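Fair warning: this is a prediction, and the values are worked out from it, not measured in the lab. Below, each value reflects all heavy atoms present in this structure, side chains not excepted, and no hydrogens, waters or symmetry copies.
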Amino acid sequence: QVQLVESGGGLVQPGGSLRLSCATSRHTLDSRTIGWFRQAPGKEREGVSYISNKDGSSYYADSVKGRFTISRDNVKNTVYLQMNSLKPEDTAVYYCAASHWIVTRTNGLTLDPYDYWGQGTQVTVSS
């Protein structure tokens with residue numbers, strides 16, 4: 001069974017930073033692409049970033065490019081999302097998800113390829 005546990009959310013002022021963590025197993029980290037998604041109140045869930053298990057390549061939504069960085073730690077079996085220069089519009093519940101399907105730039109930021117999801121962590125950007 002695939003387990004994904006997010007942590008690191010909280011309240012931060014605009015311009016601040018947070019680092020989200022997605023803890024999982026080594027097997028999941030090696031066999032699945034991990035993505036980060038977010039869902040703001042009244043909005044659909046949207047893709048933020050993903051990191052490939054095949055070659056470690058990553059991809060970002062335009063709205064976060066240059067501000068967010070995804071990475072993985074093979075010792076701690078954790079995928080991180082470093083979020084800098086946060087804006088109020090980044091406020092959302094953030095989820096990590098795992099996919100055993102082929103993930104490319106075409107589908108990697110859509111919900112379709114992801115078959116396991118974490119419980120989410122709240123990020124609030126407000127002064």
Side-chain angles (χ1 to χ4, degrees):
Q1 184 176 0
V2 175
Q3 288 192 323
L4 303 162
V5 181
E6 302 98 332
S7 62
L11 173 65
V12 63
Q13 292 186 342
S17 298
L18 279 177
R19 188 179 75 163
L20 305 183
S21 300
C22 175
T24 185
S25 69
R26 183 55 187 266
H27 175 74
T28 298
L29 209 57
D30 287 344
S31 64
R32 297 172 187 263
T33 290
I34 304 295
W36 280 99
F37 291 77
R38 66 186 182 186
Q39 187 165 19
K43 295 188 176 182
E44 294 185 352
R45 194 170 297 189
E46 63 175 2
V48 174
S49 179
Y50 72 81
I51 187 164
S52 169
N53 62 301
K54 302 292 185 184
D55 58 7
S57 60
S58 56
Y59 190 64
Y60 300 89
D62 288 343
S63 59
V64 307
K65 204 171 293 183
R67 300 188 298 123
F68 290 11
T69 303
I70 192 170
S71 63
R72 53 183 279 173
D73 185 326
N74 292 336
V75 173
K76 296 183 177 180
N77 297 329
T78 299
V79 173
Y80 299 103
L81 185 69
Q82 177 67 43
M83 305 186 297
N84 299 328
S85 302
L86 282 162
K87 306 174 182 180
E89 50 264 44
D90 293 318
T91 295
V93 178
Y94 282 71
Y95 301 89
C96 64
S99 170
H100 76 279
W101 301 104
I102 296 175
V103 174
T104 68
R105 293 187 174 189
T106 301
N107 68 354
L109 295 182
T110 70
L111 278 63
D112 285 342
Y114 296 92
D115 35 19
Y116 291 94
W117 294 82
Q119 82 289 351
T121 185
Q122 175 71 47
V123 172
T124 302
V125 184
S126 174
S127 55

CD of Glu6 to SG of Cys96, rounded to nearest 0.5 Å, is 4.0 Å

ask   = Below 4.5 Å, heavy atoms only, C-beta onward: do Val48 and Val64 meet side chain to side chain?
value = yes

Tightest non-hydrogen contact, residues Thr28 and Ala98, listed as CG2-CB, 4.2 Å

With sequence neighbours left out, the residues meeting side-chain contact (heavy atoms from CB on, under 4.5 Å) with Ser71 are Tyr80

Separation between CG (Leu111) and OG (Ser99), nearest 0.5 Å, reads 11.0 Å

Answer yes or no: is there a donor N or O on one side and an acceptor on the other, between the side chain of Tyr60 and the main chain of Ile70, under 3.5 Å? yes

Requested in this report: Establish whether Val79 and Tyr116 are linked, either directly or via other cluster members, by ILVMFWY side-chain heavy-atom contacts under 4.5 Å.
Outcome: yes

Report yes or no: does Ser49 contribute a side-chain atom to a donor-acceptor pair with the main-chain N or O of Tyr59 at less than 3.5 Å? yes

Residue set satisfying side-chain contact (heavy atoms from CB on, under 4.5 Å) with Thr106, at least two apart, ordered chain then number -> Thr104

Connected to Val5, directly or through other members, by ILVMFWY side-chain contacts below 4.5 Å are none

With sequence neighbours left out, the residues meeting side-chain hydrogen bond (donor to acceptor under 3.5 Å, both in side chains) with Asn74 are Arg72

What do you reckon, is CD of Glu89 surrounded by more than 12 foreign heavy atoms closer than 6.0 Å? yes

Closest non-hydrogen atoms of Asp55 and Ser57, given as atom of the first, atom of the second and distance, are OD1-OG, 2.7 Å

Heavy-atom nearest pair, Trp117 first then Tyr114, reads NE1-O, 3.6 Å

*Are Phe68 and Val125 joined in one hydrophobic group, where the rule is that I, L, V, M, F, W and Y side chains link up if heavy atoms are under 4.5 Å apart?*
yes

For Asp62, the side-chain contact (heavy atoms from CB on, under 4.5 Å) test, sequence neighbours excluded, returns Lys65

Original post:
Is the number of heavy atoms from other residues, nucleotides or ligands within 6.0 Å of CG (Leu11) greater than 12?
Top reply: yes

For Pro14 and Ser127, the nearest pair of non-hydrogen atoms, with its separation, is CD-N, 3.7 Å

Under 3.5 Å, which donor-acceptor pairs link side chains of residues 15-24 to any protein atom two or more places apart or in another chain?
residue : atom : partner : partner atom : Å
Ser17   : OG   : Asn84   : OD1          : 2.9
Thr24   : OG1  : Gln3    : O            : 2.9

| task | Could you walk me through whether Asp112 and Asn107 pass side-chain contact (heavy atoms from CB on, under 4.5 Å), step by step? | result | CA-CA 7 Å; Asp112 285 342; Asn107 68 354; 5.8 Å; no

side-chain hydrogen bond (donor to acceptor under 3.5 Å, both in side chains) filter on Ser31, not counting sequence neighbours, yields none

Residues pairing under disulfide bond (SG atoms under 2.5 Å apart) where one sits in residues 38-86, two or more places apart or in two chains, turn out to be none

Here the disulfide bond (SG atoms under 2.5 Å apart) pairs for residues 44-76, sequence neighbours left out, are none

Applying side-chain contact (heavy atoms from CB on, under 4.5 Å) to Gln13 and not counting sequence neighbours gives none

| query | In the single-linkage hydrophobic clustering (I, L, V, M, F, W, Y; side-chain heavy atoms under 4.5 Å), do Met83 and Tyr50 co-cluster? | reply | no

Show me the side-chain donor-acceptor pairs of residues 32-40 shorter than 3.5 Å, one per line, residues at least two apart or across chains.
residue : atom : partner : partner atom : Å
Arg32   : NH1  : Asp115  : OD1          : 3.4
Thr33   : OG1  : Asn53   : OD1          : 3.3
Arg38   : NE   : Glu46   : OE2          : 2.7
Arg38   : NH1  : Asp90   : OD1          : 2.9
Arg38   : NH1  : Tyr94   : OH           : 2.9
Arg38   : NH2  : Glu46   : OE2          : 3.2
Gln39   : OE1  : Arg45   : NE           : 3.3
Gln39   : OE1  : Arg45   : NH2          : 3.3
Gln39   : NE2  : Lys43   : O            : 3.1

Contacts satisfying disulfide bond (SG atoms under 2.5 Å apart) that involve residues 98-127 (not counting sequence neighbours) are none

